[in-house]
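Everything on this sheet refers to the single structure shown next.
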There are 2 protein chains.
Amino acid sequence: MDPKQILKEHVAKIAALTDEEFDNFFDRFELQSFKKGQTIITAGDKVNHEYFVVSGCLKTFYINDDIKMYILQFAMPTWWASDFNALYSGAKATVGVDCVTDAEVLRLSNADREEICREVHQVEHFFRWRTNKGYVASQKRLLSMMNNDVKHRYEELMAQYPELYNIVPKQLIAAYLGVSRETLSRLYNS
Amino acid sequence: MDPKQILKEHVAKIAALTDEEFDNFFDRFELQSFKKGQTIITAGDKVNHEYFVVSGCLKTFYINDDIKMYILQFAMPTWWASDFNALYSGAKATVGVDCVTDAEVLRLSNADREEICREVHQVEHFFRWRTNKGYVASQKRLLSMMNNDVKHRYEELMAQYPELYNIVPKQLIAAYLGVSRETLSRLYNS
DNA sequence: CCTGAAATGTGATCTACATCACAAATTACC
DNA sequence: GGTAATTTGTGATGTAGATCACATTTCAGG
């Protein structure tokens, strides 16, 4: 399906934009295509954009001591990815974003987002909603991380994204769950 | 200091409201005073308000199996607390909010927030910013939970809220860190 | 379709933290 | 200010999951 249409339907669920308003919004995005494994945001760089996933799957991750990777988010179609901390504060990226599969994204600059938010009230409304949804999801995950064991968390993830099982290596699933790949492997065979 | 003034200065950092706009905003809040230990939101109830802390300290917590408590947030002055998931979705509360110390809060209903967000663009802007800040903080904490051991997390918390050490029982600090009170106790004496 | 690299499985061992149990200290309140 | 309730300290023991090591399988690219 057409990227513009996907974004339009995504936004329409929340914000009532006229066609002209949506066109104004959409014109600020740039369509980009990436191959599996390509990097979108590199830790240490300045972050200027956020990315709306049209197709494929991205991951947002943190690497500690150049050794261990933790995945903050798998971004599937109609989700948004970036280092939001860096994007909003102007700091250098501490998390990276890259492509788990081939992917198409619509990217929007920080400056353009702020401008359109000022110009069109309903766009600001949309972004408030979107961030709120992310916040609630993040709190839920934090709670699950504190409260549930690996098996439980694994089943939660699979319930939420069944398709993930086939498209991403198991190590990445382990990195999302915050567990070693060995432990996750042992979990399957039982 | 005057609750109205505290909220005004908090909002002014982000959103440029005229005095009339701010008054319109403020008039929707209701000032409430609570004693240490009093309950603000009970798990299972319907949630209709969010709470801006003027003085004192609240905690947002989840209790699992009626046994273990996990603290999602200590809400200090100028922070906001609620079960945001329940508040936005209309679901019953899954987390509770109560008072760690005597506290004064300004409460705002969900309906009033949405109404004033529609009426005054800058208020919507303010709430987008606030939620974004919460989202970023939540992501950071999630990462810390996955990446750092208890000692590290304890030191982080103390760096962020040194005053907490004196005003809350150590068990609550343990519940925030996601660790048993015994382990936390052993941490001190070393 | 072959070959090196990446991903996965599996055993042995180690460790941070949980849990249980009870004693000591602190705090709230009649 | 004395007594009960709550909070904290500390030992003994249990366990989920980490780490290391190496074998096996799968996959991607020439």
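The basis for the numbers below is simple: all heavy atoms, side chains too, and nothing from hydrogens, waters or symmetry mates. Convention: sequence-line order gives letters A, B, ...; per-chain numbering from 1.
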Rounded to whole angstrom units, what separation is found between the [atom1] atom of [X] and the [atom2] atom of [N]?
| X | N | atom1 | atom2 | answer |
| --- | --- | --- | --- | --- |
| B/Leu172 | C/dT27 | CG | P | 14 Å |
| B/Leu177 | C/dA16 | CG | P | 17 Å |
| A/Glu182 | C/dA12 | CD | C1' | 12 Å |
| B/Asp149 | C/dC17 | CG | P | 5 Å |
| B/Lys35 | C/dC29 | NZ | C1' | 15 Å |
| B/Arg181 | C/dA18 | CZ | P | 12 Å |
| B/Tyr165 | C/dT26 | OH | C1' | 13 Å |

### Summary
In B/Arg28, B/Glu20, B/Glu21, the residue satisfying side chain to side chain donor-acceptor pair (under 3.5 Å) with B/Asn24 is B/Arg28
### Query
Is it true that a side-chain atom of A/Asn85 and a backbone atom of B/Val136 form a donor plus acceptor pair closer than 3.5 Å?
no
### Query
Any donor and acceptor pair, going by atom type alone, linking the side chain of A/Thr131 with main-chain N or O of A/Phe127 inside 3.5 Å?
yes
#### Entry: Residue whose closest nucleotide on DNA chain D lies nearer the 5' end, B/Arg186 versus B/Gln171
B/Gln171
### Message
Assuming nearest nucleotide by heavy-atom distance, tell me which of B/Ser185 and A/Lys151 is located more 5' along DNA chain D.
### Response
B/Ser185
#### Entry: Aromatic B/Tyr165 / basic B/Lys170 pairing, under 6.0 angstrom, 45° off normal
yes
#### Entry: Taking every non-hydrogen atom, the tightest pair across A/Ser138 and B/Gln139
OG-OE1, 3.3 Å
### Task
Tell me which nucleotide among C/dT19, C/dC17, C/dT10 gets nearest to the side chain of A/Asn189.
C/dT10
### Task
Select one nucleotide: of C/dA18, C/dT8, C/dC17, the one nearest the side-chain heavy atoms of A/Pro169.
C/dT8
### Query
What pairs of residues pass the salt bridge (Lys or Arg N to Asp or Glu O under 4.0 Å) test when at least one of them lies in residues 124-139 of chain A, not counting sequence neighbours?
A/Glu50-A/Arg130, A/Glu124-B/Arg128, A/Arg128-B/Glu114, A/Arg128-B/Glu124
### Short side-chain N/O contact to C/dA28 OP1/OP2 from B/Lys36, under 4.0 Å
yes
### Query
Does OP1 or OP2 of C/dA18 have a side-chain N or O of B/Ser180 closer than 4.0 Å?
yes
### Message
Once you apply a heavy-atom cut-off of 4.0 Å, does A/Gly178 come out as touching a base, just sugar-phosphate, or nothing?
### Response
sugar-phosphate
### Candidate pair B/Tyr154 and B/Tyr188, rule ring pair (Phe, Tyr, Trp, His ring centres under 6.0 Å), full reasoning
CA-CA 10 Å; B/Tyr154 172 68; B/Tyr188 293 128; 5.5 Å; yes
### Query
When you list every nucleotide of DNA chain D with an atom under 4.0 Å from a heavy atom of chain B, which one comes first 5' to 3', and which comes last?
D/dT7 to D/dA12
